[in-house]
Chemist: 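Take a look at the following structure, please.
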Amino acid sequence: MTFECYDIIVVGAGHAGCEAAAAAANLGSKTLLITMDLRLMASMSCNPAMGGIAKGQIVREIDAMGGYSGIVSDRTMIQFRMLNKSKGPAMWSPRCQSDKMMFSAEWRSLLEKTPNLDFWQDTVVGLLIEGDQVKGVKTMMGGEIHSKAVILTNGTFLNGIIHIGEQHFSGGRMGEVAVHGITEQLKEIGFEAKRLKTGTPVRIDGRTIDFSKLIEQKGDEEVVGFSYTEPFKIQQQRSCWIAHTSLKVHETLRKGFKYSPMFNGRIQGVGPRYCPSIEDKIERFAGKDSHQLFVEPEGWTTEEYYLNGFSSSLPDYIQYEALRQIEGFENAKIFRPGYAIEYDYFPPEQLKHSLETRLIHGLYFAGQINGTTGYEEAACQGMMAGINASLSLQEKEPLVLSRYEAYIGVLIDDLITKGVDEPYRMFTSRAEYRILLRQDNADARLTEKSYQLGLAKEDRYQKYLKKREKVDEIKTLLNETYTYPDEVNGLLERKRSSPIEQKTKLSYLLLRPQLNLSELIQEAESLEAFKNANTFMKECLEEAEIQIKYASYIEKEDELADKLRRLENVKLPKTLDYNKLQALSIEARQKLCRYQPATLGEASRISGISPADINVLAILLGR
């Protein structure tokens with residue numbers, strides 16, 4: 001078959017590949033998405049959920065930029081929860097359970113409606129490279145497809161090996177073949193490749209679970225959703241459930257440790273620290289008698305359940321025996337055992353902040369190929385790679401989000417400047433400016449920037465402007481409107497807060513930690529119009545309240561971010577020979593030559609470069 005020449009080829013249709021293809025095509029690039037199975041786009045190969053701590057912020061950022069993950073999550077969710085609601089708003093994180101089959105189908109539907117995007121079912125086994133420029137890809141069916149840029153989003157498929165006890169076999173996911181050839185070719189060119197591992201738990205037949213012995217975990221009564229563009233429509237939710245292991249379960253699992261590929265050295269790759277296998281948890285936390293497990297439905301119409309917290313690569317009969325000793329699972333049957341998968345990744349220090357490789361122009365990496373773990377982390381990288389590949393073809397500067405602008409910026413900056421030695425997962429603690437990077441204000445941070453690029457469309461931009469205008473109106477109202485003792489003292493008494501003796505501005509009352517705006521709305525006559533607010537108005541009220549209540553904290557973080565902005569604006573010349581700067585430490589010279597940071601800010605975050613080294617560079621640049 002003869003193919004036309006494409007602007008961009010995206011290899012792989014996982015979460016990174018789907019967002020990369022959508023972004024590239026929506027920015028006008030003629031794009032080809034190549035995947036081994038068109039039925040499994042954005043497959044939820046691990047847990048059937050999107051969002052969570054810090055991950056939910058990423059999904060909202062993707063949505064604010066014009067990506068599809070938030071829309072797909074909303075359309076296919078079966079349960080929604082806002083995590084960390086008892087903490088401050090910087091920690092609030094939306095999370096949903098998804099119908100995994102609907103999730104893939106919805107992604108495919110959206111992509112098929114995207115202009116400039118073609119599809120091809122095949123396996124990419126190599127790259128077409130001339131000098132230091134990528135020219136396209138080679139496929140298993142013998143085709144050579146030419147393009148100006150290539151985005152690799154290979155997930156766990158590069159030389160993937162699946163482990164179940166003493167059994168091990170080639171595979172990218174259970175039932176899907178691994179990919180060979182790409183790693184070997186890139187290593188010959190000069191890329192460094194390493195190994196990581198991840199795992200997944202048993203899938204259980206829900207008809208055989210005794211839910212009466214489990215703790216029910218319902219979704220939130222008020223469902224917010226992820227996307228800023230669509231009013232949320234879910235009418236009912238499916239419950240999750242909580243179970244616990246026991247010492248008896250642990251003893252049964254320990255019987256299989258001698259067969260564990262993780263303990264006998266057969267797995268060389270490093271696993272995720274924050275999502276360990278059950279055998280790793282038992283070994284690492286030997287003093288714990290029990291571990292919490294989450295029993296999660298995989299869809300509206302299926303009885304398949306995911307046992308979150310029970311990932312394992314032990315022999316299948318050991319997994320099965322231990323499972324049946326968990327209360328509520330005495331008669332459980334499984335659809336498939338848990339397994340570990342080991343795969344190649346390329347240390348991300350080999351990338352620019354645009355996610356283009358340093359060695360080959362036009363070649364971009366996104367997702368687990370960069371050492372990350374998680375759908376959300378992959379999706380945001382894919383979106384940024386798609387954006388920057390398109391911008392490069394238009395001879396425009398790349399879009400690089402700063403650490404104070406987005407969790408996406410934190411993630412990519414961490415990868416490039418710090419590297420990874422274990423699968424990277426996003427947490428709120430990784431962000432220095434998390435009061436600025438809240439889930440409620442992702443549109444305020446990113447939509448205008450994306451609109452200027454041409455990715456966020458007019459309707460999305462207009463909705464953002466409408467929200468910004470409404471938030472400002474609410475803030476003005478709260479700052480200028482007084483309430484009186486007879487209106488609010490009953491509420492203050494119930495909240496054990498000091499009563500007021502004279503008229504007081506509503507915004508001043510909101511500064512009290514015991515009070516929130518929804519309670520004041522029920523008491524103050526001047527806020528009567530907000531009593532039956534719709535979803536959009538509730539979002540506006542929430543953001544206005546946060547901006548007032550946390551104004552001093554936001555201002556302090558803005559000041560800190562401004563210092564970083566000044567460093568980010570100081571460009572480092574590409575011609576600068578760091579080896580000649582004897583005032584720099586030897587380690588700094590080596591690291592600066594290796595990473596070639598674009599700005600003083602990037603240089604300051606490279607491990608091993610001290611404040612004294614940054615001062616030397618600043619003086620050299622006349623700063």
Side-chain angles (χ1 to χ4, degrees), residues 1-43 107-108 111-155 157-160 172 176-189 191 344 346 354-357 359-369 381-383 385-394:
M1 180 170 174
T2 303
F3 293 89
E4 61 183 286
C5 180
Y6 286 89
D7 292 324
I8 297 170
I9 292 175
V10 178
V11 180
H15 297 260
C18 286
E19 286 288 4
N26 281 323
L27 284 173
S29 296
K30 185 63 178 174
T31 305
L32 177 67
L33 177 59
I34 304 178
T35 178
M36 298 194 307
D37 194 336
L38 286 167
R39 299 168 300 174
L40 298 174
M41 289 184 176
S43 175
W107 253 112
R108 179 168 179 170
L111 289 177
E112 288 180 347
K113 294 171 184 173
T114 301
N116 304 313
L117 181 57
D118 292 344
F119 305 90
W120 182 245
Q121 183 164 302
D122 201 345
T123 300
V124 171
V125 294
L127 300 169
L128 302 175
I129 295 173
E130 294 180 10
D132 65 350
Q133 174 70 50
V134 72
K135 293 292 184 179
V137 301
K138 294 181 285 188
T139 73
M140 185 176 288
M141 290 198 287
E144 290 192 354
I145 310 175
H146 293 268
S147 66
K148 300 170 186 174
V150 173
I151 302 173
L152 292 182
T153 69
N154 299 83
F157 283 80
L158 294 179
N159 294 323
E176 299 176 71
V177 298
V179 175
H180 305 281
I182 294 176
T183 298
E184 292 73 15
Q185 180 185 9
L186 291 175
K187 287 172 72 174
E188 285 183 13
I189 293 170
F191 284 89
D344 293 339
F346 293 85
S354 63
L355 297 181
E356 184 181 28
T357 64
L359 285 178
I360 302 297
H361 182 64
L363 179 62
Y364 295 76
F365 293 168
Q368 285 176 289
I369 193 172
Q381 290 175 70
M383 180 184 69
I387 289 170
N388 285 320
S390 290
L391 291 177
S392 177
L393 297 183
Q394 298 169 31

Chemist: Quick one: does any side-chain atom of R108 pair with a main-chain N or O of L38 as donor and acceptor, under 3.5 Å?
Modeler: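 Yes.
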
Chemist: Report the C-alpha separation of I387 and L27 in whole Å, then their side-chain angles, then the decisive distance to 0.1 Å, and conclude whether the side-chain contact (heavy atoms from CB on, under 4.5 Å) test is met.
Modeler: CA-CA 7 Å; I387 289 170; L27 284 173; 4.1 Å; yes

Chemist: Grab the two heavy atoms, one from G386 and one from I8, that are nearest each other, plus how far apart they are.
Modeler: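 Closest approach of G386 to I8: O-CD1, 4.5 Å.
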
Chemist: Do you see a donor-acceptor pair shorter than 3.5 Å between the side chains of S354 and N388?
Modeler: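 No, no side-chain donor-acceptor pair sits under 3.5 Å.
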
Chemist: How many angstroms lie between OG1 in T183 and CZ in F157, if you round to the nearest 0.5 Å?
Modeler: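 It comes to 13.5 Å.
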
Chemist: If you measure from CD on Q394 to CG on D7, what distance do you get to the nearest 0.5 Å?
Modeler: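 So the gap between those two atoms works out to 9.0 Å.
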
Chemist: Which heavy atom of G362 sits nearest a heavy atom of E356, and at what distance?
Modeler: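 For G362 and E356, the tightest heavy-atom pair comes out as N-OE2, 2.6 Å.
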
Chemist: Does T35 use its side chain to pair, donor to acceptor, with the backbone of Q121 at less than 3.5 Å?
Modeler: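 A pair under 3.5 Å: no.
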
Chemist: Return the minimal non-hydrogen interatomic distance between A13 and L33, and the atom names on each side.
Modeler: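 The answer is CB-CD2, 4.0 Å.
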
Chemist: Taking the side chain as every heavy atom from C-beta outward, state whether N154 and V11 have any atom pair closer than 4.5 Å.
Modeler: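 N154 reaches V11 side chain to side chain.
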
Chemist: Using 30° and 60° as the class boundaries, would you call the ring planes of F191 and F346 parallel, tilted or perpendicular?
Modeler: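 If you compare the ring of F191 with that of F346, the planes turn out perpendicular.
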
Chemist: So which heavy atom on G136 is nearest to which on S147, and how close?
Modeler: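 Smallest heavy-atom distance, with atoms named: CA-OG, 3.6 Å.
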
Chemist: OG1/T139 to CE/M36 distance, rounded to the nearest 0.5 angstrom?
Modeler: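 Between atom OG1 of T139 and atom CE of M36 there are 13.0 Å.
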
Chemist: Evaluate I145 against I34 for side-chain contact (heavy atoms from CB on, under 4.5 Å), listing each step before the verdict.
Modeler: CA-CA 10 Å; I145 310 175; I34 304 178; 3.9 Å; yes

Chemist: Between N159 and E184, does the side-chain contact (heavy atoms from CB on, under 4.5 Å) criterion hold? Intermediate values first, please.
Modeler: CA-CA 10 Å; N159 294 323; E184 292 73 15; 3.0 Å; yes

Chemist: Would you confirm whether T153, through its side chain, and G12, through its main-chain N or O, come within 3.5 Å as a donor-acceptor pair?
Modeler: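 The answer is yes, because a donor-acceptor pair under 3.5 Å joins these two groups.
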
Chemist: Looking only at heavy atoms, what is the nearest atom pair of A389 and I151, with distance?
Modeler: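 Minimum heavy-atom separation between A389 and I151: CB-CD1, 4.1 Å.
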
Chemist: Indicate every side-chain donor-acceptor pair of residues 125-134 with a distance under 3.5 Å to a residue at least two apart or in another chain.
Modeler:
| residue | atom | partner | partner atom | Å |
| --- | --- | --- | --- | --- |
| Q133 | NE2 | K148 | O | 3.4 |
| Q133 | NE2 | H361 | O | 3.3 |

Chemist: Show the nearest heavy-atom pair for residues A21 and L117, with the distance to one decimal.
Modeler: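 So the minimum-distance heavy-atom pair works out to CB-CD1, 3.9 Å.
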
Chemist: Is a side-chain donor or acceptor of H15 paired with a backbone partner of S43 at a separation under 3.5 angstrom?
Modeler: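 Yes, the answer is positive, given that a donor and an acceptor are paired below the 3.5 Å cut-off.
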
Chemist: Using 0.5 Å steps for rounding, measure from the OH atom of Y364 to the CD1 atom of I369.
Modeler: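 Interatomic distance, Y364 OH to I369 CD1, rounded to 0.5 Å: 14.5 Å.
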
Chemist: Roughly how far, to the nearest 0.5 Å, is the CG atom of D344 from the NE2 atom of H180?
Modeler: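 Going from NE2 on H180 over to CG on D344, the span is 9.5 Å.
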
Chemist: Quick one: CG on L152 to CD1 on I182, what's the gap to the nearest 0.5 Å?
Modeler: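 Those atoms lie 5.5 Å apart.
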
Chemist: Stepwise, does the side-chain contact (heavy atoms from CB on, under 4.5 Å) test hold for L186 with L363?
Modeler: CA-CA 11 Å; L186 291 175; L363 179 62; 4.1 Å; yes

Chemist: Between V150, L32, T31, which is the residue that forms a side chain to side chain contact (heavy atoms under 4.5 Å, CB included) with V10?
Modeler: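 Output: one option passes, namely T31.
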
